[in-house]
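Values below: all heavy atoms of this structure, side chains included; hydrogens, waters and symmetry mates excluded.
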Amino acid sequence: MNKTPSPITIQGTLFPPLSSKSHEAQLYWQGESGGKGYFVIHYGKGSSLEGTAADITSEEAPFNTARSFLITGGARFQAPYSPELARLEAELSPRSPRRLLLAAEGNYAVLAGVFAVAVGVLLFVVQVGVPAGARYAAYRTSPAVAARLDEEVMTYLRDEMLEPSRLPVTRQAELKNQFAEVARWAGGHSGDHSKQHHSKQHYNLVLAHAPKLGVNAFALPAGTIVLTDQLVKFAHSDSEIMGVLAHETGHVTHRHGLASLYQSLGVGLLGVMLTGDLTAAAMAAPAALVQSRYSRRAEYEADEAAAEYLLSHGGTTQPLRDFFTRLAEETENEEAGGTVPEWLSSHPDTDKRIAHLLALEQEQAQK
Amino acid sequence: MRNVPACQDGDSCYTDAMTTTPDRSSPSSRPHYTYRLQFTGDANEYFRIWLANTLFSFATLGLYVPWARVRERKYFYGHTILDGQHFEYTARPASLLKPYLIIYAFYLLFSLVQYFSDGSSGGVADLLTLVMLLLFAAIYPLLAWLSMKFLARNTVYRNIPFSFSGSLGDAYIPYGLANVANVLTGFLSFPWALHMQRAYQINNLHYGQLRGRYKGKVIELYVQCAFVLFGGLGVMFVIGLLPIILLTPLMRGSSDGVGISYLLTLLMGFWTILVTYIVGSAILAYIRAVNFKYTLSHSSFRSPQGHTVKIQATFDPMRVMRISLVNSVVQTLTYGLMTPWAAIRLQKYILSSIFIYSDISLDEFYSSPLAQESGFGEAASEIFDINVGF
């Protein structure tokens, strides 16, 4: 196994230490195993320089690009790219990854292999790594930070689109009363921010008149749940409303809001780390794709929470299924008018979700 | 050995009055050498290098980016040839990793703060944004200074590295005060700021025993900027606004067609935005080219012994503008895949039009061992490239 590599000869130019004087030169290298060897450089009229592998370092450069070798003492040997030069580099630093780099830069077949690996790594990170990291970070976020987020978003929403609820005060009290039971079931309590416990999840139901949002309900990270008057009127029964609210508590307990925030930050950061050469358009597409996939998964998780609540309070997921069906019909009717409620556009595959709710109910019945 | 190799890019060849050999019979007592820069990069080859770098960056989630940047720059330097010898970029990518990570962290912090400042105005988040921007403005001269030192030190030609001797204190005029003045005067001081920056850059640049000298004049920069600005605005007016002004009475005339006038308004808006964008980026590319040419042609290098090396750029800024415009259109249409092609095309045209006149043989430069050792070289490598990177 102790085979001695064949010697290498390279034509180039030698510059003495600290000088720009060029001399035609010839480098002769005899390698031994394990990155060892010795070199002799003949230059000018009968001058020469020699040393061992420790006395010569190559300045790395891309494929088919001239490069130089630094000789201890300050001399510099420059040569155009050639297969011999690549071999000399490889023998000087046998463990360097530059071989793979040069192969990829010089050969489309190797480049295609690198392409496949890079796409695989990136897909894995974006589809699995970033969501997992985002979920982890969401569960580790302190309640104070989440509460601050809720406040900021609510201030913005109150400025832009939320007005105080126009439902009768008694009706409002009734809904809040019923929601207290949902909140208790979801492992927390409902009420004012000032009475917040640290151990339990806090919920705060906000009833609002919001024509811009239409039939809608949504949850913020710290447990603020907004319910529009329009949804209350659209619902046929209070259990439908409570089903929707239980769904929203699912988003809170699973930290979906924070996770999606971290997710988009993570994808954005990844974009910044990788761009410079890629246009923003090329990055935007995968980001949007991941986001929609992610939110679908979140909706299913929240539906499971809603189903659990409804099954333990009445034994059927019927109210929520009815609600979804009517909402989907309503949306189809309104689509021509161009007022698709946000509620549905972010809740894809209504049919599948209804089937999912039904399946959860049947599963419960079999137990 | 000393002959400038024949120009291969027939498109951008200046064959007339080109001196390719040292002309020792010039009237002056000193010998006179003329060289032409040559760029031997190839688009197809650079495409593979660029793609390999991009893919490695992807596969390492961006950690490879410093290596990729250095490698790409090495390609351009290694294919830039003067008198048969190539330039070399000698930066160590590992020393750039930390600065890059700092930039990533800064981005993360900044976007987090941005997210929080969305909700209300006058909150803590807005204050933080302001503090971060001020902090950036305050350290910008430092970053510019470090990157200039770094870039000079890592540019090597014929075994002699360039070096930059400007002081940090002096950087606060062209990169601190000048920027503040630009904001305060609504960019009326921009040509002056540019002049100060060029003077700082060139006058402190050294190569061997040579030292750079910038002879540009502020007034000429004002004339250039005014010319480009008014010329650009004129073009924008003629092709952007004039059609709209002419069409407006036509629209009022057709009282019956509300739909048509609506469509016309929409088209006009679109046209204005398109023209503004294209003409705007053309103006930017043109002024850059004009200023680059002016800077090169007004820069020279002198030695204490009285030797002079002069630079002359003969490229046509209009043509650089056209190439840049076509480049950005093609890059957009191909989702960035043609970026390497565009970069090579521009580089080839600009570099092969640069001539060097020297009254000293290029063999006769020397650097002192002290020059290589001294300075904040290593510290500079800590924060490098921010200027270039931004």
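Only the side chain of B:Val156 comes within contact range of chain A, with at least one heavy atom under 4.5 Å from a heavy atom of that chain. For B:Phe47, the part lying under 4.5 angstrom from a heavy atom of chain A is the side chain only. For a residue to count as touching a neighbouring chain, one of its non-hydrogen atoms must lie under 4.5 Å from one of that chain's; by this rule B:Tyr46 does not touch chain A. Residue contact with chain B, scored on non-hydrogen atoms closer than 4.5 Å, is absent for A:Glu160. For a residue to count as touching a neighbouring chain, one of its non-hydrogen atoms must lie under 4.5 Å from one of that chain's; by this rule A:Val125 touches chain B with the side chain only.
When every heavy atom of B:Ala52 is checked against every heavy atom of A:Ala104, the shortest pair comes out as CB-CB, 4.1 Å. For the residue pair B:Leu55 and A:Leu111, the shortest heavy atom distance occurs at CD1-O, 3.9 Å. When every heavy atom of B:Gln85 is checked against every heavy atom of A:Gln78, the shortest pair comes out as OE1-NE2, 3.2 Å. Heavy-atom minimum distance, B:Ile49 versus A:Phe63: CD1-O, 3.8 Å. In plain terms, the two heavy atoms of B:Gly78 and A:Ala66 that are nearest each other are O-CB, 4.4 Å.
Between the OG1 atom of B:Thr90 and the CD atom of A:Glu60 there is a distance of 13.0 Å, given to the nearest 0.5 Å. Put simply, OH on B:Tyr75 and CD on A:Glu105 are 10.0 Å apart, with the number rounded to the nearest 0.5 Å.
A salt bridge between B:Lys74 and A:Glu59 is present, with a side-chain N of the basic residue lying under 4.0 Å from a carboxylate O of the acidic one.
Most heavy-atom pairs under 4.5 Å with chain B, from the set A:Pro80, A:Ser19, A:Ala61, A:Gly74: that is A:Ser19. Highest contact tally toward chain A, considering only B:Arg48, B:Glu45, B:Glu88, is held by B:Arg48 [criterion: heavy-atom pairs under 4.5 Å].
With hydrogens and angles disregarded, a donor-acceptor distance shorter than 3.5 Å links the side chain of B:His79 to the backbone of A:Asn64. Side chain of B:Asn159 to backbone of A:Pro16: a donor-acceptor contact under 3.5 angstrom is found. A distance-only check finds no donor-acceptor pair linking the side chain of A:Ser20 to the backbone of B:Arg158 [under 3.5 Å].
A:Lys21 places none of its side-chain heavy atoms less than 4.5 Å from the side chain of B:Glu364. Side chains of A:Val117 and B:Phe56 form no contact here, defined as non-hydrogen atoms less than 4.5 Å apart. Counting heavy atoms from C-beta outward, B:Tyr366 and A:Leu18 have side chains that stay 4.5 Å or more apart. The shortest side-chain heavy-atom distance between B:Arg71 and A:Leu101 falls under the 4.5 Å cut-off.
By the 6.0 Å contact criterion, OH on A:Tyr136 is open, its count of non-hydrogen atoms from other residues, nucleotides or ligands being 12 or less. The number of heavy atoms from other shown groups lying within 6.0 Å of OH (A:Tyr139) is above 12. The environment of CZ in A:Phe115 is sparse: at most 12 heavy-atom neighbours from other residues, nucleotides or ligands sit within 6.0 Å.
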